[in-house]
Amino acid sequence: MSLPAVGSRAPDFETQNQYGEPVRLSDYAGRRDVVLVFYPYAFSQVCTSELAALRDRPSLLAAAEFLAISCDPMFTLRAYADAQNLNFGLLTDFWPHGAIATAYGAFAPDRGCALRATFVIDRAGLIRWSVLNPIPEARNPDDYAEALASLTSYPG
């Protein structure tokens with residue numbers, strides 16, 4: 001399984017956030033850049049440190065719509081967001097289990113979880129940057145900032 005190519009159209013999806021509200025990727029088209037942050041498990045050490053690093057960088061969160069996606073159920077994500085004071089979208093990929101992560105080449109069927117993958121999607125719905133880290137390795141939020149800053153060079 002491989003990640004969609006940079007420059008390709010981001011696979012659209014519809015799911016729920018931690019509050020049960022519907023979220024559709026295509027709703028951001030033409031109005032907001034999006035950063036999809038796939039992570040394996042709510043409440044796990046590395047995932048919590050990564051999402052807390054985003055929470056603690058409000059200027060980075062203001063630069064795009066950050067949507068963190070795991071295969072955890074919506075109610076787990078609500079408890080996780082409340083416990084960690086995460087004020088951005090935590091999206092469930094619980095059912096059909098891993099369907100969104102699979103569309104992005106970021107699902108580990110042997111573990112039943114999303115891989116640690118990130119995609120920067122421009123307002124035209126095109127993938128402009130992506131990274132896949134091994135599950136035990138945290139991503140660097142500075143990389144997101146650089147990728148978002150580079151979007152000004154794209155006409156999309």
Side-chain angles (χ1 to χ4, degrees), residues 1-18 23-29 32-57 59-61 63-74 76-77 80-81 84 86 88-154 156:
M1 186 180 299
S2 62
L3 302 180
V6 169
S8 67
R9 180 142 317 274
D12 196 17
F13 60 84
E14 184 172 354
T15 188
Q16 294 178 323
N17 67 15
Q18 68 266 38
V23 176
R24 184 181 207 69
L25 179 63
S26 57
D27 288 346
Y28 297 99
R32 190 114 164 104
D33 299 319
V34 175
V35 180
L36 298 181
V37 180
F38 288 93
Y39 64 101
Y41 304 109
F43 294 104
S44 65
Q45 184 177 0
V46 176
C47 298
T48 298
S49 69
E50 283 188 314
L51 297 181
L54 290 176
R55 175 200 65 210
D56 297 340
R57 293 186 62 177
S59 62
L60 180 57
L61 290 174
E65 190 70 31
F66 277 77
L67 301 172
I69 304 173
S70 75
C71 295
D72 296 298
M74 187 253 319
T76 300
L77 296 178
Y80 185 48
Q84 299 301 321
L86 302 174
F88 48 88
L90 301 184
L91 307 185
T92 181
D93 193 12
F94 183 70
W95 198 258
H97 194 76
I100 300 168
T102 298
Y104 280 84
F107 184 68
D110 57 324
R111 293 177 176 226
C113 69
L115 297 170
R116 202 171 299 286
T118 307
F119 299 86
V120 172
I121 301 166
D122 68 14
R123 293 172 190 200
L126 301 177
I127 297 171
R128 292 301 180 187
W129 180 84
S130 65
V131 67
L132 176 64
N133 283 33
I135 285 181
E137 289 181 23
R139 293 162 281 202
N140 183 346
D142 290 337
D143 294 340
Y144 308 155
E146 285 180 35
L148 287 167
S150 75
L151 290 182
T152 59
S153 64
Y154 292 105

Sidechain-backbone polar pair: [X] side chain, [Y] backbone, donor-acceptor under 3.5 Å:
{"X": "Tyr41", "Y": "Cys47", "value": "no"}
{"X": "Ser130", "Y": "Thr118", "value": "no"}
{"X": "Asn17", "Y": "Gly89", "value": "no"}

What distance separates [X] [atom1] from [Y] [atom2], expressed to the nearest 0.5 Å?
{"X": "Leu90", "Y": "Met74", "atom1": "CG", "atom2": "CE", "answer": "12.0 Å"}
{"X": "Ser49", "Y": "Gln84", "atom1": "OG", "atom2": "CD", "answer": "10.0 Å"}
{"X": "Tyr28", "Y": "Arg123", "atom1": "OH", "atom2": "CZ", "answer": "13.0 Å"}
{"X": "Leu148", "Y": "Phe66", "atom1": "CG", "atom2": "CZ", "answer": "5.5 Å"}
{"X": "Leu91", "Y": "Phe38", "atom1": "CG", "atom2": "CZ", "answer": "9.0 Å"}
{"X": "Asp33", "Y": "Ile121", "atom1": "CG", "atom2": "CD1", "answer": "9.5 Å"}

Shortest non-hydrogen contact from [X] to [Y]?
{"X": "Arg116", "Y": "Ala138", "value": "CD-CA, 4.3 Å"}
{"X": "Ala145", "Y": "Arg57", "value": "CB-NH2, 4.4 Å"}
{"X": "Leu126", "Y": "Gly7", "value": "CD2-O, 3.8 Å"}
{"X": "Asp93", "Y": "Ala101", "value": "OD2-N, 2.8 Å"}
{"X": "Ile135", "Y": "Leu115", "value": "CD1-CD2, 4.0 Å"}
{"X": "Leu54", "Y": "Pro141", "value": "CD2-CB, 4.3 Å"}

- Item | Derivation and outcome, side-chain contact (heavy atoms from CB on, under 4.5 Å), residues Ile69 and Phe13 | CA-CA 12 Å; Ile69 304 173; Phe13 60 84; 4.0 Å; yes
Less than 4.5 Å apart, side chain to side chain, heavy atoms only: is that true for [X] and [Y]?
{"X": "Arg139", "Y": "Tyr144", "answer": "yes"}
{"X": "Phe107", "Y": "Cys71", "answer": "yes"}
{"X": "Thr48", "Y": "Tyr80", "answer": "yes"}

- Evaluation steps, side-chain contact (heavy atoms from CB on, under 4.5 Å), between Thr15 and Phe94: CA-CA 9 Å; Thr15 188; Phe94 183 70; over 6 Å; no
- Result of checking Ile127, Asp143, Val35, Val6 against Val120 for side chain to side chain contact (heavy atoms under 4.5 Å, CB included):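 Checked Ile127, Asp143, Val35, Val6 against Val120; only one passes side chain to side chain contact (heavy atoms under 4.5 Å, CB included): Val35.
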- Task: Can you establish whether the number of heavy atoms outside Arg32 located under 6.0 Å from its atom CZ is more than 12?
- Result: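 Yes, enclosed.
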